[in-house]
Amino acid sequence: MEHLRFAPGILRRLGEELNPNPDQGIVELVRNAYDADATTCRIELVAVDKPGGTIQIADNGVGMGQSDLVNGWLILGKSGKQIERTTAAGRRVVGNKGLGRLAALRLGQIATVETKTSKASKRLRLRLDWDIFDKAKVVESVPLTIEQVAPKAKDTSGTTVKIDKLRGTLGHAEVRRLARSLVLLADPFRAKGSFRPTLIAPAFKDLEKLVHSAYFDQAEFHLVATLSRGTAKAVVLDYKGDILFEGSHTQIRKSKDKSAPPYKAPDAVFDLWAFLPRR
């Protein structure tokens, strides 16, 4: 019985032509972390402004087991996301079917994935050397080995993807697009269990700050009003965090008898950020 096979050149075309900008592929790996219900995702760009650099994306999501790697991650175009549109934590799935991931993995010569579920005693490691694929006659002829390695200190669950020996470079424009995408994926208010990516890019310190601040440092005004045991308080800050105005319970309540009794309401916090459009 014969099977349809394909040449390694298809991998290049799928990766590079469908995702011509390298930041798009990196974002897809971050989306995979989001879909894995990760709360943290660390994106490190090391010497990416010249060929030979390294990209690493590490998350604390649910991780993958042997079956997940073999029957999901290694099958391009197939994903459980086609059926499951929300994650166990209730997030709406944002990743695609693996083609964006392929684009990121082929940014360098070698791609390594290490992953662990909370129940597993060891991490799984898979290494892809694209030079071996490029020299092969057909993709199916390249054997892949999934190794079991000792877990790291305080290792619970999660996945780390490392791309070494970058073939090209990432400039300020590409990293800025990446930073903006990370801001859009993150929960700016850092609620419990929310997704919070961190960008580590020594060559692009301004974009590290952009991801960390999520544009909040560009707000003209920040109003914070609280209600605690019926007592109200409000403060207005400027873009630097300095207090412009503040109001006490007595000033806010303004009752007719001037006694300013407490409100008959549960505790609450109102947080408003005001941005002025710039032309």
Of L29, V211, V27, L182, the one forming a side-chain contact (heavy atoms from CB on, under 4.5 Å) with I43 is L182
Across all chains, not counting sequence neighbours, the side chain to side chain contact (heavy atoms under 4.5 Å, CB included) partners of L223 are A234, V236, F270, L272
Tell me whether the rings of W273 and H222 are parallel (<30°), tilted (30 to 60°) or perpendicular (>60°).
parallel
- Would R5 and E140 pass as an ion pair if we require N to O under 4.0 Å? no
Exactly one candidate in T159, D68, L126 meets side-chain contact (heavy atoms from CB on, under 4.5 Å) with W73; the answer is L126
Item to complete: Without swapping roles, check the side chain of D164 against the backbone of T54 for a donor-acceptor pair under 3.5 Å.
Response: no
**Prompt:** Quick one: do D131 and R167 make a salt bridge, cutoff under 4.0 Å?
**Reply:** yes
OG of S194 to CZ of R91, rounded to nearest 0.5 Å, is 7.5 Å
- Query: Side-chain donor-acceptor pair under 3.5 Å between H172 and D49, yes or no?
  - Reply: no
Indicate yes or no: does D35 engage R92 in a salt bridge with an N to O separation below 4.0 Å. no
Pairs of donor and acceptor atoms involving the side chains of residues 224-231, under 3.5 Å and at least two apart or interchain, shall be tabulated with distances.
none

Can you list the steps and then say if D134 with R106 is a salt bridge (Lys or Arg N to Asp or Glu O under 4.0 Å)? CA-CA 11 Å; D134 292 339; R106 285 190 58 85; 3.5 Å; yes
Is it the case that the side chains of N60 and T39 hold a donor-acceptor pair, with the cut-off being a distance below 3.5 Å and no angle test? yes
### Query
Is any side-chain N of the basic residue among R176 and E174 closer than 4.0 Å to the acidic one's carboxylate O?
no
**OP:** Evaluate the side-chain proximity of T112 to R125: yes if any heavy-atom separation is below 4.5 Å, no if none is.
**Re:** yes
| message | Take a 6.0 Å sphere around CZ of F221 and say whether it holds more than 12 heavy atoms from other residues, nucleotides or ligands. | response | no
Inset, instruction - Could you walk me through whether R101 and E28 pass the salt bridge (Lys or Arg N to Asp or Glu O under 4.0 Å) test, one step at a time? - result: CA-CA 6 Å; R101 180 173 69 240; E28 182 58 27; 5.9 Å; no
What's the verdict on salt bridge (Lys or Arg N to Asp or Glu O under 4.0 Å) for E114 and K116, showing C-alpha distance, side-chain angles and the deciding distance? CA-CA 7 Å; E114 287 193 11; K116 181 183 177 298; over 6 Å; no
Review point. Is there a side-chain contact between N21 and Q24 (heavy atoms, below 4.5 Å)?
Key: yes
- request: Taking the side chain as every heavy atom from C-beta outward, state whether I146 and Q66 have any pair of such atoms under 4.5 Å apart.
  value: yes
